[in-house]
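Comments concern the structure below.
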Amino acid sequence: MDKPEGLTEVLLHACCAPCSSAIVEWLMANGVRPTIFYYNPNIWPREEYEIRKNESKRHAEGLGIKWIDGDYDHEGWLESVCGLEDQPERGLRCQQCFTLRLTAAARKAKELGIEVFATTLASSRWKSLEQIEQAGRKAEATVPGTTFWARNWRKGGLQERRNQLLREYGFYNQLYCGCEFSAK
């Protein structure tokens, strides 16, 4: 779906600076003020998490955008995917991970009085758009008063722009999703 009618503000769950850069640029160019919510307890090891977090924060601060740290609870994340460790990428572990993170985003959006939330996860060619949309819809249903904006952020030249911005900003660009199971 394109920009929802009348939308001026969105809580954007961001997985990393490279994935959010072109999306943030597009949002701002289309009159939508993003609040970045960095919530990624799946990322391992902690050093990797900190690098990605700091890059996301640097990007947001450079643009004067509100940035929120969702805190790191890797042990809690491991509990949530317990039994799914051997699932392949795009399997049930990823579905559970997306649902956990997007439900946290929906809760944060509601807490802040922001009706619409979205995610940069939908910009990665390595992720299933169907799984992301399912997770977003589940989060939306779990947190009444929120709306998940299911948008394919790969279209409209955003993937190419992402790659340009990655070089322009000198972002750290990770080579795996983030969890120890995807690093294999």
Might you work through the ring pair (Phe, Tyr, Trp, His ring centres under 6.0 Å) test for Y169 and H59, ending with a clear yes or no?
CA-CA 8 Å; Y169 283 101; H59 178 239; 5.1 Å; yes
Under the salt bridge (Lys or Arg N to Asp or Glu O under 4.0 Å) definition, can you give me all pairs with a residue in residues 85-94, not counting sequence neighbours?
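Sorted pair list: E89-R93.
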Provide the full list of salt bridge (Lys or Arg N to Asp or Glu O under 4.0 Å) pairs with a residue in residues 122-136, sequence neighbours left out, each pair given once.
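Of all non-adjacent pairs touching residues 122-136, those that pass salt bridge (Lys or Arg N to Asp or Glu O under 4.0 Å) are E133-R137.
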Could R52 and Y176 be counted as a cation-pi pair, given that NZ or CZ must be under 6.0 Å from the ring centre and within 45° of the axis?
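Yes.
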Can you name the one residue among K57, K53, R58 that meets salt bridge (Lys or Arg N to Asp or Glu O under 4.0 Å) with E55?
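Option passing the salt bridge (Lys or Arg N to Asp or Glu O under 4.0 Å) with E55: R58.
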Are any of the side-chain heavy atoms of [X] and [Y] separated by less than 4.5 Å?
{"X": "F181", "Y": "L78", "result": "yes"}
{"X": "V24", "Y": "L63", "result": "yes"}
{"X": "E160", "Y": "Q164", "result": "no"}
{"X": "T120", "Y": "C16", "result": "no"}
{"X": "H13", "Y": "Y39", "result": "yes"}
{"X": "P18", "Y": "F171", "result": "yes"}
{"X": "Q174", "Y": "I43", "result": "no"}

Side-chain donor or acceptor of [X] paired with backbone N/O of [Y] under 3.5 Å:
{"X": "Q131", "Y": "G91", "result": "yes"}
{"X": "N152", "Y": "R154", "result": "yes"}
{"X": "Q96", "Y": "V81", "result": "no"}
{"X": "Q87", "Y": "L92", "result": "yes"}
{"X": "N40", "Y": "N42", "result": "no"}

Could you grab the distance from atom CD1 of I68 to atom CG of L11, nearest 0.5 Å is fine?
6.0 Å
To the nearest 0.5 Å, how far apart are CZ in F98 and OG in S128?
7.0 Å
Is a side-chain donor-acceptor pair under 3.5 Å present for E115 with T147?
yes
State yes or no: are the ring centers of W26 and W153 separated by less than 6.0 Å?
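Yes.
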Would you say V116 and L129 are hydrophobically clustered, going by side-chain heavy atoms of ILVMFWY under 4.5 Å?
no
For R161, what residues pass the salt bridge (charged side-chain N to carboxylate O under 4.0 Å, His left out) criterion, not counting sequence neighbours?
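Counting only residues at least two positions away or on another chain, R161 forms a salt bridge (charged side-chain N to carboxylate O under 4.0 Å, His left out) with E25, E168.
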Partners meeting salt bridge (charged side-chain N to carboxylate O under 4.0 Å, His left out) with D73 (sequence neighbours left out)
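D73: no salt bridge (charged side-chain N to carboxylate O under 4.0 Å, His left out) contacts found.
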Quick check: closest heavy atoms across [X] and [Y], and the distance to 0.1 Å?
{"X": "T99", "Y": "T103", "value": "O-OG1, 2.7 Å"}
{"X": "P34", "Y": "L27", "value": "CB-CD1, 3.8 Å"}
{"X": "L12", "Y": "I23", "value": "CD2-CG2, 3.9 Å"}
{"X": "I36", "Y": "A14", "value": "CG2-CB, 3.7 Å"}
{"X": "W149", "Y": "K3", "value": "CZ2-CA, 3.5 Å"}
{"X": "G136", "Y": "F117", "value": "O-CZ, 3.8 Å"}

If you link ILVMFWY side chains whenever their heavy atoms are less than 4.5 Å apart, which other residues fall into the same cluster as Y172? By chain and number, please.
I51
Verdict with reasoning, T8 to R33, per side chain to side chain contact (heavy atoms under 4.5 Å, CB included)
CA-CA 6 Å; T8 59; R33 185 86 180 153; over 6 Å; no
Y72 meets the ring pair (Phe, Tyr, Trp, His ring centres under 6.0 Å) criterion, sequence neighbours left out, with Y49, H74
